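Here is the structure we will look at.
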Amino acid sequence: MTRDDYLALVDEVTEHDRRYYVDATPTISDVEYDRLAKQLVAIEVAHPDWVAAWSPTRRVGHEPVSDFPKVTRPVAMLSLDNSYDEADLRAFYDRVVKSLDGDVPVFSVEPKIDGFGIELVYKEGLLTLGATRGDGRIGEDVTANVKMVRGVPLKLSEPRTITVRGEIYMTKAEFAAINKAREEAGEELFKNPRNTAAGSIKQQDPREVAKRPMRTILYEVVDGERYASGHLASLELIKRLGLPTNAKNTGAKDWDELIACVHGWQDQRDALAYEVDGLVVKVDDFAMRGALGTTAKFPRWAIAYKFPARQVTTVLRDIEVNIGRTGTVTPVALLDPVDISGTTVSRASVHNWDQVARLGIGKGDRVLIQKAGEIIPEILEVREKGPGPAFEPPTECPACKSPLEREEGRVALMCPNRLGCPAQLLGAIEFFASRHQLNIDGLGEKLVRQLVDEGLVKDVADVFDLTVPQLLGLERFGKTSAQNLVKAIATAKEAATFSRLLSALGITNVGNVLAKPIAQKYRRLSALRAACRAKDTDGFVAELQEIEGVGEIVALHVDTFLRDEHVCVVLDKLEQRGVDPVDHVIEIKEGPLTGKTLVVTGTLTQPRADVQKKIELAGGKVAGSVSKKTDYLVAGADTGKTKLDAAQKHGVKVISEDELMALLG
Ligand code: IVH
C-alpha cells in the first residue's frame, strides 16, 4: 500500500458517492460500497499523514443537489455505522458496555425502514419545517412536499415545540400499484420504493407529490432528554402528540435478548408492508448516549444491522424461452451463478418480452438482480453492457414451431397450439378434465402427469381409451381407484354438452361464456367443423361473427384452431370415440333479466358458473366482453381496468354481485 494507492481509493469512493447521491444510479451494492469506505477509514487511521483534505471521510454525506432553499440545523443529522453479522454486532455491544464501564444498557431494536430521512420541526404544535438530511448539517426545505405526506400531522395534539426525525417511505403494495398504473399508461417504471419516495419528496410540484402515496414513521426525538430519560419513552410521548411511530420497536435488556430479537427479525422481514434493509440497534438511555458521544459521522450509541443483501450483480448468459402449461411464452434469464442472501441463483425471471425490450438486455450484460422474500429473483437493470445485441422475442414456439401470438391487450406471448404443443400437453389435459370443463372426477394434476409420463395419454382424446388394467400398471394405483376413474370418464362423456366440450378444448378467448352461443348455433362439434371446412377463412370468420359476443379476434382464433393439423388429428379422435355431444336449443325463459345482456367479471363470492346459470334462468344472456349491447357489467373484486373503461365508454351500468342478486330477486 502506497500513498498513491490510497489516493486512488479516495477517487474511487468519491466517484461512487457521486453516482449514488447525484446521479441516483449506483453501480455497486451498498455492501460493496461499505467495504470500500471501511478500507479507506482503516488506511487513514494507519497513515494519518496521508489523509487528503478531499477524502469522502472528511465530511458527512453530500451537498444538496436541488433548488430547494437550504436550512442549517442546530443538531446534525448523523448517519449510522453498519454491521453485517453477529460478530460485528457483538463488537458494537462490547464497545458500548466497555465505554459505560461495564454497565449493560437497555437497547431499542427497530426496523430500519428503507426510505428517505426527514426532519420535522413543530413550533407550538404547528408543523413549520420539513427538511431533508442533505449533508447532515445543511438540509433542504421541502416543507410544502412533506405536508402532502399522509401521516405527517400538520398540528400536534398539544402546542409543543419539538423536532423529530424519521423516514418517509412507500409501502410495497402502493409502490406496486403505482408501477402498475405507469405500465398501463405506457410510462417508465420506478425502480424501487425507496427511490420513488426520495424522488417524490424532491419533486418541484407539491401537487405531483400528492399523487404519490407516501407515509412516514418517526424514530428519533431531537433533544429527547428534555422530555424523557430514555428513547423509547420519548417515542411514546410523540406518539401521544399524534406523530406516527413504529409499534414494532422493542426493548432488549442484555445481549441474549438483543440477539434473540435480531434473529426473530430475519423471518419477519417479509411480513412488513414496507421494505426494510436491516435493523437499528440504539442505546435507550439518553444520559448513556451522551456519555458514549459521536464520531464525525456516526453516533457511538447506535448501529445499523444490515440484513443479507438481496441485490447483487452478475452476468446474463442467455435467455431461455419457457412455455407455460397454458401456452404463455415467457423469458427466463440464465445467469452466472451468484449467492443472494444464502441461496445460489442461476435463473431469474424477466416477467415478459416487453420487459426484455425495456431493460434492453443482451448476452454478456452485467445485470443487477434482486431476490425479495419468497419471490423468484428478477432482473432489475443493466449495469454494464456486454458484447451481445439486445434479445428479440421469439416468433415461433420452441416446442412445436407454431407461430406465436400476442393476445389483444395483454403483454404475454402465447403459443396458440393448445392441443398439439408438447409443452402444453399436461396443462391442456388437466384443463380439459377440470371441474368447470368436462369435469372428470379424479383426473387431476398428479394423475395427468403419471399418465403422460407412462405414455398412456398423448392427447385429450386418449383419455377416453383408458382401461382398468392399464391404470393398474401405474404406481400406487389400486383396483378401486382404477375402476372409479374409468367410471368417471364414462360419466363425463355421457354428461358432456357441446358447449362444455368447446370450452374444454381451450381455444384462445373461448371460455364457458362464449362457448354457449357458438354451441347454440352449431349444435355439435362435427357440425362446427363441417361449417369451417365448407368455407374459406374469410367466409367462416364472417359467419362466426354473426353470433352475439363473437368479434373478429375470437372468430379468427376459432378458425385457426379448427384448421390446425395437430388439432384436427385430436378432434378426429374425439369424434371416433363418440365424444360429439349435441346441445339442445335453450328456450329463452321469461324472467327479471329477459332481454338483458350481462357481462360478469372479477372475483365473486360464488363460482362464476353458478352466477351465469342464475342469470340465464332469469332470462338474461351472459356475454364475454363489454359492448354497446351490454346492459350490465357485474364487477367482482379485482375487476380489470379494461372492462371498467369499456363499460364507461359504452355507458354500461356497473353493478356489484349484491346488486345482481337483488335484480334476480
Ligand atoms: S436513527 C443518529 N432509526 O437509516 C441516528 N434511522 O443508515 C440516525 N433509518 O439516516 C438515525 N430506520 O434515514 C434511525 N429506526 C431508525 C431508522 C433509521 C431507517 C435510516 C435513516 C438513517 C439511515 C442510516
Side-chain angles (χ1 to χ4, degrees), residues 17 20-21 26 29-31 33-34 37-38 60-62 64 73-84 88 92 96 107-120 130-137 139-140 142 146 149 163-170 193-195 197-198 201-202 214-225 230-232 234-235 238-239 243-252 261-262 265 268-269 272-284 286 288-290 292-307 309:
D17 276 349
Y20 188 93
Y21 289 104
S29 71
D30 292 357
V31 181
Y33 175 86
D34 281 320
K38 282 208 164 139
V60 186
H62 253 263
R73 52 170 65 87
V75 183
M77 232 169 134
L78 298 178
S79 171
L80 290 170
D81 199 3
N82 288 321
S83 60
Y84 295 99
D88 279 357
F92 162 78
V96 165
F107 291 94
S108 160
V109 183
E110 313 177 357
K112 185 168 183 312
I113 304 159
D114 200 10
F116 185 75
I118 200 84
E119 179 173 79
L120 305 178
T132 68
R133 193 162 90 89
D135 71 358
R137 184 66 71 172
E140 296 151 298
V142 287
V146 165
V149 176
T163 301
V164 289
R165 290 175 185 168
E167 206 81 351
I168 303 257
Y169 67 96
M170 200 174 269
R194 187 205 19 195
N195 287 5
I201 216 67
K202 291 210 182 180
M214 290 178 290
R215 295 153 193 269
T216 190
I217 282 183
L218 300 159
Y219 46 64
E220 278 296 314
V221 181
V222 180
D223 297 333
E225 58 273 29
H231 165 68
L232 288 170
S234 74
L235 292 183
I238 65 165
K239 187 176 159 200
L243 290 161
T245 56
N246 203 333
K248 300 271 179 190
N249 298 346
T250 36
C261 184
V262 167
W265 268 106
Q268 269 193 70
R269 167 181 194 186
L272 291 178
Y274 45 84
E275 302 268 11
V276 288
D277 57 344
L279 300 170
V280 183
V281 177
K282 304 171 180 174
V283 170
D284 186 72
F286 288 128
M288 286 179 169
R289 284 187 178 191
L292 289 161
T294 71
T295 70
K297 269 180 117 169
F298 313 124
R300 289 202 182 85
W301 43 261
I303 197 160
Y305 176 83
K306 291 285 196 97
F307 290 137

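The structure displayed is predicted, hence computed values, not measured ones. Here, residue 1 is the first one in the sequence, and each next residue gets the next number. Whatever order the structure lists ligands and atoms in, that order sets their numbers, starting from 1. Side chains included, hydrogens not; waters and symmetry mates left out as well; all remaining heavy atoms used.
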**Prompt:** Any salt bridge between Arg194 and Glu275, counting N to O under 4.0 Å?
**Reply:** no

**Message:** Taking the basic N atoms (NZ, or NE/NH1/NH2) and the acidic carboxylate oxygens, is any pair closer than 4.0 Å for Arg289 and Glu225?
**Reply:** no

**Request:** Spell out, as yes or no, whether a donor-acceptor pair under 3.5 Å connects the side chain of Asp284 to the backbone of Leu232.
**Result:** yes

**Any N or O of Lys112 closer than 3.5 Å to N or O of ligand 1** = yes

**Prompt:** Can an N or O of Tyr219 be found at a distance shorter than 3.5 Å from an N or O of ligand 1?
**Reply:** yes

**Request:** Just jot down the ligand 1 atoms closer than 4.0 angstrom to any heavy atom of Pro111, in number order.
**Result:** 12 (N), 15 (N)

**Request:** Would you check whether Leu80 has a nitrogen or oxygen atom less than 3.5 angstrom from a nitrogen or oxygen atom of ligand 1?
**Result:** no

**Prompt:** In terms of atom number and element, which parts of ligand 1 are under 4.0 angstrom from non-hydrogen atoms of Ile113?
**Reply:** 12 (N), 19 (C)

**Request:** Would you confirm whether Thr132, through its side chain, and Glu140, through its main-chain N or O, come within 3.5 Å as a donor-acceptor pair?
**Result:** yes

**Asked** Side chain of Glu220, backbone of Arg165: donor and acceptor closer than 3.5 Å?
**Response** no

**Request:** May I ask you to decide if Gly136's main-chain N or O and Arg73's side chain share a donor-acceptor pair within less than 3.5 Å?
**Result:** yes

**Request:** Can you pull out the closest protein heavy atom to atom 8 (C) of ligand 1? Residue, atom name and distance to 0.1 Å, please.
**Result:** Leu78 O, 3.7 Å

**Item:** For Pro299, the ligand 1 atoms whose distance to one of its heavy atoms is below 4.0 Å
**Value:** 2 (C)

**Message:** Pairs of nitrogen or oxygen atoms closer than 3.5 Å, one from Lys282 and one from ligand 1: do any exist?
**Reply:** yes

**Request:** For Tyr169, check ring pair (Phe, Tyr, Trp, His ring centres under 6.0 Å) against everything at least two apart and list the hits.
**Result:** Tyr274

**Prompt:** Nearest protein heavy-atom contact for atom 13 (O) of ligand 1: which residue, which atom, what distance?
**Reply:** Glu167 OE1, 2.7 Å

**Request:** Consider every N or O of Glu110 and every N or O of ligand 1, then say whether any pair is closer than 3.5 Å.
**Result:** yes

